[in-house]
Amino acid sequence: MQNLVEVKYHQTGASTKINEFGMREMQERAYNARDAQYLLLKAPPASGKSRALMFIALDKLINQGIKKVIVAVPERAIGNSFRATSLTEHGFFADWSPSPKYNLCTPGEEGSRDKVQTFKRFMDNDEKILICTHATLRFAFEELEDEKFNNTLLAIDEFHHVSTDVNSRLGELLRSVMKKSSVHIAAMTGSYFRGDCVPILLPEDEAIFTKVTYNYYEQLNGYTYLKSLGIGYHFYQGRYLSAIMEVLDTNKKTLLHIPNVNSGESTKEKYNEVNYIIDAIGNVEFQDPETGVMHVKRHSDGRIIKIADLVEDNPSDRDRMVNYLRQIKTPEDMDLIIALGMAKEGFDWPFCEHALTVSYRGSLTEIIQIIGRATRDSANKTHAQFTNLVAQPDATDEDVTLSVNNMLKAITASLLMEQVLAPCFKFKTRLSDDDKAQPGELRIRGLKEPSSKRVKEIIESDLNDLKATILQDDTMLKAMPGNIDAEVINKVLIPKIIKVKYPDLSDEELEEVRQHVVIDSVIKNAEIKETGDKRFIRMADHFVNIDDLRIDLIDKINPFQKAFEILSKSVTTHVLKLIQDTINAARIQMTEEEAFILWPKINEFFKLHNRPPNINTVNQEEARMAEAIIILKEAKRRRENGQKQNS
């Protein structure tokens, strides 16, 4: 199957260059916001968020009167990212020198008495820096007063683990210290959205954070070696093990995630799955007793490749393997890593070329984290690839609806990644033919520009987060394949989702946000070509001169349909009909608002065909217009009855 997303980059080197203080582009951008009490840093994997925090934390300790820094990470292995680091050798005014005694990312229970007591001693002594897991922070917080966090910088790595849910202890901790102490917060994440659709922060809390955003395109476009990134899907029927070798190329440095044992794709015997995969590759010649690395002789050519098994549950064996992987120096040190729950956020293998994931993943954040493992810049690769091996719906399957939903959700994940990975434009209103766009700008007739600071912040910092919310909405999921009119998607469904996410927006502000999210989605999904001194953009099935772009034209485009067009060419007609039938079985109820939007199209249809739309036609758009007529007739009947009763 062809890639659903294929993005090419220009290798500018900008994201890896350092300034006179040893800061990369993203780190300098974050450091410029160092005076903020509440700072939210959104930047992709491998952009250097850990070191950015070091620069900011040291400035707060030395120049801003902050007495202590607490760095909280989701799991122990990530704590290594905040180890002692020499910064002065590159021009900064201080080094990051945490005491090993107060690095609590060590073996042992996260809530153990020893770790909690060490945390409490740290809060009362003169030590400056402590590193711990989210869990240790939560357990220690239960034994401390909020005021203990006065004049403290609390840095939370992988901030998407926080949520507004009442059962989120980390979220409750954050809200409490922000309300009852003078704490400073530095929140860092590669993806500001969760798989469960629960907000990370309440709108009123989020509004007080200073946001620094460094997008995925800036990061990857600024690399030295990486030229392109592809995201694709491979569909199978039966057991995934029968199809795994169709997509597993052991000539590529590959990170393979097998399915969770609770998923429908799992055989429930994870160790047997690992053994099957290794046997399909070749014969184990030997296993290094010190590292646990398996040396496997390939069936295909007899070459010896190195395989790491992170599915193994034995703590000592797994820790030994993880320790080896941390010390990898060359591409030849590892060929294939097989994992289940590990090797996602915070895991670093720069030589990885292919992230191969079996089964649909419910969390967009998890997908972004996995893709991030393959997008490190390294001299051994010019292309990075993410492939999702997903079960193809089968009519004989009792859970066919679940299979269809999982397939659609997998496709929407790629749609979001396309939005995240594509270059960004600034959109301005075209007031006249003489109104020329600057580099990086697109001028659009009829565009409403931001009328408030709130809208400007959403457009500049939150569009990808908003798109994630849109793409995870169940109603949108059923509408995106094209069985709902594009204008209904853009003018009815999307505004409703925006209103729920940002209830404080006025109608005017909501329309401004709506226009920008629709335009941004359509443009990033489009193809731009240059002919002479003119540029044309392909939207739907025709090219439009960029100088002629209008908001009413863009509103007629389904911003998410391209991926489903590729899907229709990649599965059989039978499977495509099965997908469509399943969607129709849970048909969206039409609102009067949608019916009114369709009325001009109904009139056009009647003029063209000299008949009304037929509800029983195989043409879904025509059938939808026929349903709209029924809705409008019923609405008219109710209005007339109401007038009779009032007269």
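Just so it is clear, the structure is predicted and the values come from calculations on it, not from any experiment.
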Salt bridge (Lys or Arg N to Asp or Glu O under 4.0 Å) with K426: which residues, sequence neighbours excluded?
-> none
Salt bridge (Lys or Arg N to Asp or Glu O under 4.0 Å) partners of E487, counting only residues at least two apart | K491, K601
Identify, with sequence neighbours excluded, every residue that meets side chain to side chain contact (heavy atoms under 4.5 Å, CB included) alongside [X].
X    : value
A595 : M590, A628, I631, L632
R29  : V212, Y214, E218
Q37  : H184
L431 : T429, D435

Test: K448 and E508 ion pair at under 4.0 Å = no
Using a strict cut-off of less than 4.0 Å between a Lys/Arg side-chain nitrogen and an Asp/Glu carboxylate oxygen, indicate whether R624 and E627 qualify as a salt bridge.
-> yes
With sequence neighbours left out, what residues match Y223 under ring pair (Phe, Tyr, Trp, His ring centres under 6.0 Å)?
-> none
Just jot down the ring pair (Phe, Tyr, Trp, His ring centres under 6.0 Å) partners of F427, sequence neighbours excluded, or say none.
-> none
Which atom names give the shortest non-hydrogen contact between P495 and R514, and what distance separates them?
-> CG-CD, 3.4 Å
Test of understanding: with side chain to side chain donor-acceptor pair (under 3.5 Å), list the residues that count as partners of [X], not counting sequence neighbours.
X    : answer
Y31  : D59
K467 : Q419, D520
T12  : none
D552 : R550

Go through the side-chain N and O atoms of H234 and T387 and say whether any donor and acceptor fall under 3.5 Å apart.
-> no
Is there a side-chain contact between R175 and M178, using heavy atoms and a 4.5 Å cut-off?
-> no
Ring geometry between F209 and Y38 (parallel below 30°, tilted from 30 to 60°, perpendicular above 60°) = tilted
